[in-house]
Amino acid sequence: MTPSPSSSRLPASMLLALLLGGPVLASEIVGGRPAQAHAWPFMVSLQRRGGHFCGATLIARNFLMSAAHCVNGLNIRSVQAVLGAHNLRRKEPTRQIFSVQRIFENGFDPTRLVNDIVIIQLNGSATINTNVQVAQLPAQGRGVVNGTQCLAMGWGRLGTNRPAPNVLQELNVTVVTNFCRNRLNVCTLVPQRRAGICFGDSGGPLVCNGLVQGIDSFIRGGCGSGFFPDAFAPVAEFADWINSIIRSHDNHPHIHPRDPESSND
């Protein structure tokens, strides 16, 4: 389970993994830049008790996609999905807030960190507008090739021992799946500098040529190591499964999102 971005100290297991170069559940962003407000209207903040803990992607009006390890072992009743957010420290009128109705996994292996994908059914349907939109996904098997330029994004830590930002961050990355220890994932690096994903905000999207091709999963060797590639769950390998869930379970009543002014964040 990823630590809260508000944590000031890293657990011993994470410190050991950093020293040994082992996998650590992780996400955004080291060495990135603030995104333009609502430039990525499919980006979602998953929150507990008013605090952000993972990212997600809106893939249908009432479904999100995130990393399985983000919700593994959690009471889903404690999770809120915040759509239309940019600055997490402000009460933005653009927000739409939902609870979680149901979660769908697909063979997540927490030991090998494969199949790190979860589909989250919301308790209502998002209102699509300028600030809240559905992401485009690849077709089954139409993954991303080495050398492709992509964009990672999220609200996680700005460095291994640095705090999380207020506003959404974005980072240009290059696909280097040939360097993956496990070719079942999509891997990225930032050439010639120490930048990458970091602790506290897994589940966010990897956007390549307008399609969400990856879900932030884990890192090796520390945030933005400049050597070990970052790993993402490969969305194209799950496209048929994702579409089957949306088709089979899109039969709920249309519930309006809760007014963000009534939230406790």
Side-chain angles (χ1 to χ4, degrees), residues 4-6 27-48 50-67 70 79-98 120 122 124-137 149-159 162-173 188 190 195-216 223-224 232 256-265:
S4 166
S6 63
S27 200
E28 322 293 341
I29 289 287
V30 177
R33 60 188 177 271
Q36 182 179 345
H38 310 293
W40 311 108
F42 47 76
M43 185 70 201
V44 178
S45 170
L46 296 182
Q47 300 188 5
R48 299 178 71 205
H52 173 87
F53 70 94
C54 268
T57 302
L58 185 69
I59 58 171
R61 289 182 62 203
N62 56 314
F63 285 93
L64 309 178
M65 177 175 68
S66 188
C70 281
V79 177
Q80 288 185 327
V82 181
L83 286 58
H86 177 65
N87 187 329
L88 296 185
R89 299 296 184 267
R90 295 179 179 173
K91 289 187 176 295
E92 301 161 309
T94 55
R95 295 189 187 187
Q96 301 178 37
I97 302 175
F98 294 92
I120 299 172
L122 302 175
S125 288
T127 299
I128 303 303
N129 55 37
T130 303
N131 306 305
V132 175
Q133 295 179 23
V134 173
Q136 299 296 310
L137 305 185
Q149 302 299 303
C150 303
L151 199 72
M153 62 191 69
W155 285 282
R157 293 190 187 191
L158 298 170
R162 296 186 63 196
N166 292 340
V167 302
L168 183 68
Q169 303 288 301
E170 64 183 27
L171 175 69
N172 295 92
V173 298
T188 68
V190 178
I197 60 177
C198 194
F199 304 122
D201 190 26
S202 300
L206 177 70
V207 181
C208 311
N209 299 320
L211 303 177
V212 178
Q213 288 278 4
I215 303 167
D216 292 24
C223 302
F232 298 76
H256 291 292
R258 190 160 58 79
D259 188 328
E261 288 300 319
S262 65
S263 71
N264 61 0
D265 63 347

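Remember, it's a predicted structure, so these values are computed and weren't measured experimentally. One-based numbering along the sequence shown.
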- line: Closest heavy-atom pair, L58 versus A60, reported as atoms and distance to 0.1 Å, is CD1-O, 3.0 Å
query: Where the side chain of R95 meets the backbone of G84, is there a donor-acceptor pair that is under 3.5 Å apart?
result: no
- prompt: What's the spacing between Q149 CD and T188 OG1 if we round to 0.5 Å?
  reply: 10.5 Å
message: Could you measure the distance from the CG atom of L151 to the CG atom of L171? Nearest 0.5 Å is fine.
response: 7.5 Å
message: So, using side chain to side chain contact (heavy atoms under 4.5 Å, CB included) as the criterion, who are the partners of N209 when residues are at least two apart?
response: T148
- prompt: Which value, rounded to the nearest 0.5 Å, describes the distance between S66 atom OG and I120 atom CD1?
  reply: 5.0 Å
field: Test item: Q96 and N129 side chains (from C-beta on) under 4.5 Å apart, heavy atoms
entry: yes
- line: One should read off an interatomic distance between T57 OG1 and L64 CG, to the nearest 0.5 angstrom, of 8.0 Å
- prompt: Distance only, no hydrogens: is a donor on one side chain within 3.5 Å (strictly under) of an acceptor on the other, for E92 and T94?
  reply: no
query: Less than 4.5 Å apart, any side-chain heavy atom of F98 and any of N62?
result: no
- request: Would you name the heavy atoms of F232 and G214 that are closest together and state the gap between them?
  value: CB-CA, 4.0 Å
- request: Can you see which heavy atom on A67 is nearest to which on I215, and at what distance?
  value: N-CG2, 3.6 Å
message: Holding to side chain to side chain contact (heavy atoms under 4.5 Å, CB included), I want the full list of residues that pass it with L211, two or more places apart in sequence or in another chain.
response: Q136, P138, Q213
- prompt: Where do L88 and N166 land on the side chain to side chain contact (heavy atoms under 4.5 Å, CB included) test, with the steps shown first?
  reply: CA-CA 5 Å; L88 296 185; N166 292 340; 6.0 Å; no
- prompt: If we only count heavy atoms from C-beta on, is the T130 to H38 side-chain gap below 4.5 Å?
  reply: no
- request: Please examine the side chains of N131 and P41, heavy atoms only from C-beta on, and report whether any two atoms are closer than 4.5 Å.
  value: no
message: Ignoring hydrogens, what is the shortest heavy-atom contact between P205 and F42? Give both atom names and the distance.
response: CG-CE1, 3.9 Å
field: Spacing of CG belonging to L46 relative to NE2 belonging to H52, to within rounding of 0.5 Å
entry: 7.5 Å
task: Not counting sequence neighbours, which residues clear side chain to side chain contact (heavy atoms under 4.5 Å, CB included) with A35? List them please.
output: W40, L168, E170
statement: Output for pair (Q36 CD, H86 NE2), nearest 0.5 Å, gives 8.5 Å
